> 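What follows is a structure written as structure tokens; I'll ask about it next.
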Amino acid sequence: MGILEKIEEIEKEMSRTKVGSSKDPGDPDAELISTATEYHLGTLKAKLAKYRAQLLEPEKKGAKGEGFEVLKSGDARVCLIGFPSVGKSTLLSKTTKTESVVGAYEFTTLTAIPGVLEYEGARIQLLDLPGIVQDAAKGRGRGRQVVSVAKTADLIILMIDATKSAEQKKLLEIELEAVGIRLNARKPDVVFKQKAAGGVSYINCTVKLTQTDERTVRTILQTYRIHNCDVMIREDITTDEFIDVLLGTRKYIPALTCINKIDGVSMETLDSMARQGDGKTVMISCEMDLGIDWLLESIWRELGLVKVYTKRRGEGPDLSDPICLRQGATIETVCHGIHRSLASHFKYALVWGKSSKFNPQPQKVGLTHSVQDEDV
Ligand SMILES: Nc1nc2c(ncn2[C@@H]2O[C@H](COP(=O)(O)OP(=O)(O)OP(=O)(O)O)[C@@H](O)[C@H]2O)c(=O)[nH]1
Ligand SMILES: [K+]
Ligand SMILES: [Mg+2]
């Protein structure tokens, strides 16, 4: 029997068990029967979770942990990362028009399910993902695939079940770190450029290095057989940070911790979680509809999107339909947001708002001008 058939068998057995367990209140054996039924259901659930976890195993040995193929769309991508059954799919179904199957058993979700969060005029892609297991990054389950998708996120939500171990957050962080994701860390201010010739040109501007030095940097370059490059260090970095930059495989991604199912814990526990939380922890209950607005606001804030409005000559700005952009976006990005060929026919733009030198008067600018939030 294949895994799918086994799963089907168990699901049938589960529904039979539920039907057969309707209690007769007058029956003295009812309590006994119901305990036995619960136990049986529990065993079935465990088996179901085991088989579903097998479905998540990589198809063949040595297969690379490629990400699930979901096209990026909208203004930004947010990934839901968490252990099984913390409520990732429940959250997606609640906040977007997409229905992702919710189940009381682990590994309900087997692939990446995208939904669209519409917030403040932005369209944010929210990705529901399979639950990960410990050692996911080493290739257990399809975990490696899940953490690989996380690399493509503009924001990662570490989703945690309030009723389960407080270790969850730490364990998730370890899995993400293992594939090179640095959560809530800023990219070190170091410029590293490989060249074809010319040797190593090392420049350390302005800062005094207290945690590494030129000799160490040069030794590391030799170890990696890099003989021609420009290195410019602009902050007091550690040796590890230099290696991060050198390998270029690190992703620096902002993250929020979302503690779900707070309906299931006592006020004391809730209070102590609130005290431990940093500015990047949000507590919610999908079931009781608590904290969802707080979460959406936090997502919006952490993404740091910039809203820009357009206006026609002689008319007011169109406030109903902003263009949402990443921080640091330029007029060129704005052009692409309006029409693909606009930038190639571009002469100049008039900008009103914070980025205009003459604010509140407009400024005439070129394609490389950086826009700011609420510019017109
Ligand atoms: N008490 C309570 N239960 C919840 C809450 N949110 C979700 N659940 C339940 O938790 C169970 C798991 O929910 P899912 O949304 O399937 O969890 P998931 O993280 O997507 O699980 P996998 O896809 O298996 O990794 C379901 O029985 C939900 O009804 C909540 O806020 N409170
Ligand atoms: K589940
Ligand atoms: Mg799910």
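All values derive from a computational prediction rather than experimental measurement. Counting starts at 1 for both ligands and their atoms, in listed order.
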> Start with the C-alpha gap between Glu13 and Arg16, add the side-chain angles, then the distance that decides, and say whether salt bridge (Lys or Arg N to Asp or Glu O under 4.0 Å) holds.
CA-CA 5 Å; Glu13 172 84 25; Arg16 272 201 301 274; 3.1 Å; yes

> Can you confirm whether the side chains of Thr210 and Asp236 place a donor and an acceptor under 3.5 Å from each other?
yes

> Flag the pair His336 / Ile323 as yes when at least one side-chain heavy-atom distance between them is below 4.5 Å, and no otherwise.
no

> If you leave out waters, which protein N, O or S atoms are less than 3.4 Å from the K ion (ligand 2)?
Ser85 OG, Gly103 O, Tyr105 O, Thr108 OG1

> Which protein N, O or S atoms lie under 2.8 Å from the Mg ion (ligand 3)?
Ser89 OG, Thr109 OG1

> Who passes side chain to side chain contact (heavy atoms under 4.5 Å, CB included) against Asp230, sequence neighbours left out?
Lys193, Lys195, Ser201

> Can you classify the ring geometry of Tyr119 versus Trp300 as parallel (below 30°), tilted (30 to 60°) or perpendicular (above 60°)?
tilted

> Backbone N or O of Ser89 within a donor-acceptor pair of the Ser93 side chain at under 3.5 Å?
yes

> Look at Glu9 together with Lys6 and state whether they make a salt bridge at an N to O cut-off of under 4.0 Å.
no

> Any donor-acceptor pair under 3.5 Å linking the side chain of Glu106 with the backbone of Ser85?
no

> Is there a donor-acceptor pair under 3.5 Å between the side chain of Thr96 and the backbone N or O of Thr98?
yes

> Please round to the nearest 0.5 Å and tell me the distance separating atom NZ of Lys251 and atom CG of Leu183.
13.5 Å

> Any heavy-atom pair between the side chains of Lys164 and Phe83 that's under 4.5 Å?
no

> Can you pull the residues with any heavy atom under 4.0 Å from ligand 1?
Pro84, Ser85, Val86, Gly87, Lys88, Ser89, Thr90, Val102, Gly103, Ala104, Tyr105, Glu106, Phe107, Thr108, Thr109, Gly131, Asn260, Lys261, Asp263, Ser285, Cys286, Glu287

